[in-house]
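Worksheet: one structure, shown below.
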Amino acid sequence: MGQLHPLTSNSALESTIDKILTNTEKNIVSNIKSALDDSQQNLDDAIPKLDSEYDKIISDAKKEADKIEKQITGSSDIEARNKQLLALEEAVDRVFSTALDQIANADRSGDYSNLIKTLIEEAIQILGTSEISISTNTKDKDIVQSALSQFSGAELSSETINCLGGIKVKSKDGAMTFDNTIDARIERLKPLIRKEIAAKFGVGN
Amino acid sequence: MTTEGGVQYSKIAEIKGPLVVVDDVENAAFDELVEIETTEGERRLGKVLEVGNGKAIVQVFEGTTGLSISGTKAKFVGKVMEMPVSKEVLGRVFDGLGKPKDGLPDPIADKFVDINGEPMNPEQREYPKDFIQTGVSVIDGLMTLVRGQKLPIFSGSGMSHNLLAAQIARQASVVGTSDDFAVVFAAIGVQYSEAEYFRRSLEESGALKRSVLFLNTADDPAIERIITPRVALTVAEYLAFDLGMHVLVVITDMTNYAEALREISAAREEVPGRKGYPGYLYTDLSTLYERAGKLNGRKGSVTQVPILSMPSDDITHPIPDLTGYITEGQIVVGRDLFRQGVYPPINILMSLSRLMKDGIGEGSTRADHSEVSNQVYDAYSRAQEVRALAGIVGKAGLTEIDLKYLEVGDTFEKEFLTQATDENRTIEETLTLMWKIVSKLPKNEITKIKDKYVEQYYKEE
């Protein structure tokens, strides 16, 4: 068997190598292309997911921000309002105590005896009996005593009571009592008076 | 308010349970407010239950403990019990009788309103049809609450109804309108820790600003519980019909209210009805529940969510039974779901909102709401049947479609029903979740939804 010419054998080898290289290249290119396609596909698939995830994160964050905003504004509004209420109440109390001082030191002459008469009439009407015992404070004792002449069956109790003015009436059998002192009347009307005072401060109405 | 009245009587004939019988009384009126003065000078409030033959029977709200026949005085105030109301009540915390409990002064009253309210003229009632979003999917999606509706929650002892009540109070809102919204929360006979939870929960979420709280704790006198829902509803009516707000009233627990009613009835020696409750329990409950509604020509509305715990989980007990006759549906909290750790453990198959159909759909929630809700109900019902079947034949014996329904049941409970206590879902989120459940089924199983909605929202996984 004769020896092959070196050039011929080299060319066959090269051709084989070329073929292998070409095939390998083709394979690699095809693999790269397919990987690129896959990546592209993955990327395309991921975009809507990412969008929806993004939207969810934004919406959750927005919700959380709203919640925190509500918490902060809510509690600060309440705090401010409460401080305003306390300040208002303090002012109302001051007005009340000034007014009570003035009532306590008010002049007992003039119309005051008419007021006492009206208070006694009212008490008799509400208790439904004129057989009554009347208590009052030391300041009003004389005025009440002089008014009693017009109410038969009514008598002045020897005990005095501590009040701004007015009378406390008890039926003689002791079963019924009607407090018609100025203190009691103010107490009954206190919520309405508070409202009037608050209105002067520009609150309510 | 007048200067009339104010006669104090000192002849106490008898003290019986929460009642005081006063002798030689003239001119007392039914329901008149009475101030009881103890020998120590302590003052308690009460009201006249009966008058006649010179006697007046007075129900003492703060109880009669410590009162004695000699030395106790009863002052008839000359007016019925009134609640001072104004916009300033928003953000305030009161006790069961409407006295401030937050260390602040009495609110400056715009007016004083009789706590028994004025009956609504039936002719003037407007049919409720506007949606209220609670942020709780199972309620918004399947048993929608409507403005002016009364929709009770039937629960059992120890279950999470108070968590749910607080969540609704925090999250509820009206959508699609700029009208003001407020929550009036009345806790009747709750534990101190629960009362604190309600207060803190509203305070920390910032919802207290638009809420009014009435807290009657378990250690407060039982009789006070008769008053608590009435003062709460009086405030709600003022906010709704005088100030034009949409008001949601959450009352928990109505069972404690009925117990207090039974206590008074027993003390008055009335002929008992079912389980010792008075024969007029139905009428009495209706005087509370019927205070919900909307009025023609008025902007606001009062919506009620009363919560009651059913003794022994018995839905036929007189309280849930009679409540069910008056209200417009019910939300039932289920023991099984609660034991599984599901929150909120609402048993949808036993629950229903009768006015839902008018408050949902296009313009309110979404056009497909009604149909998708029907389909979810149907699917969950079928899932329950399949679960029962699987308990007998095992999963291996189930068909492929049965297995799908099992999956639907699980998804429903895990993803739709289960919700965190601070999770506020919009109606859109709720509907999306409902479609997610429906989409677990093959298209041919979807029989209650129009094709156009299926095309639009069905997403096969």
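Order of the sequence lines fixes the chain letters, A, B, ..., with proteins taken first and strands second; residue numbering starts at 1 for each chain.
- At a threshold of 4.0 Å, the pair A/Asp45-A/Lys49 does not count as salt-bridged, since none of the basic side-chain nitrogens sits closer than that to a carboxylate oxygen.
- Both the backbone and the side chain of A/Asn82 come within less than 4.5 Å of a heavy atom of chain B.
- Top candidate by heavy-atom pairs under 4.5 Å with chain A, chosen from B/Lys75, B/Lys73, B/Glu203, B/Glu429, is B/Glu429.
- Contact annotation for B/Asp422: both backbone and side-chain heavy atoms come within less than 4.5 Å of a heavy atom of chain A.
- Checked against the 6.0 Å centroid criterion, the rings of B/Phe185 and B/Phe198 qualify as a close aromatic pair.
- Neither the backbone nor the side chain of B/Arg210 comes within less than 4.5 Å of any heavy atom of chain A.
- Contact annotation for A/Ile72: neither backbone nor side-chain heavy atoms come within less than 4.5 Å of a heavy atom of chain B.
- A distance of 8.0 Å separates CZ of A/Arg194 from CG of A/Asp93, quoted to the nearest 0.5 Å.
- Contact count against chain A (heavy-atom pairs under 4.5 Å) is highest for B/Leu104 among B/Asn424, B/Asp23, B/Asp102, B/Leu104.
- Contact record, A/Thr129 with A/Ser171: CG2-CB, 4.2 Å, taken as the closest heavy-atom pair.
- Residue A/Leu85 touches chain B through both its backbone and its side chain, counting heavy-atom pairs closer than 4.5 Å.
- Nearest approach of B/Gln167 to B/Val136, heavy atoms of both residues: CD-CG2, 4.1 Å.
- Proximity to chain A (any heavy atom under 4.5 Å) is shown, for B/Glu423, by neither the backbone nor the side chain.
- Put simply, the side chain of A/Glu122 reaches to within 4.5 Å of the side chain of A/Asn180, judged on heavy atoms.
- The most heavy-atom pairs under 4.5 Å with chain B, out of A/Lys70, A/Glu89, A/Arg81, come from A/Arg81.
- In this structure, B/Lys87 is not positioned above the aromatic face of B/Tyr238 in the sense of NZ or CZ being under 6.0 Å from the six-membered ring centre and within 45° of the axis.
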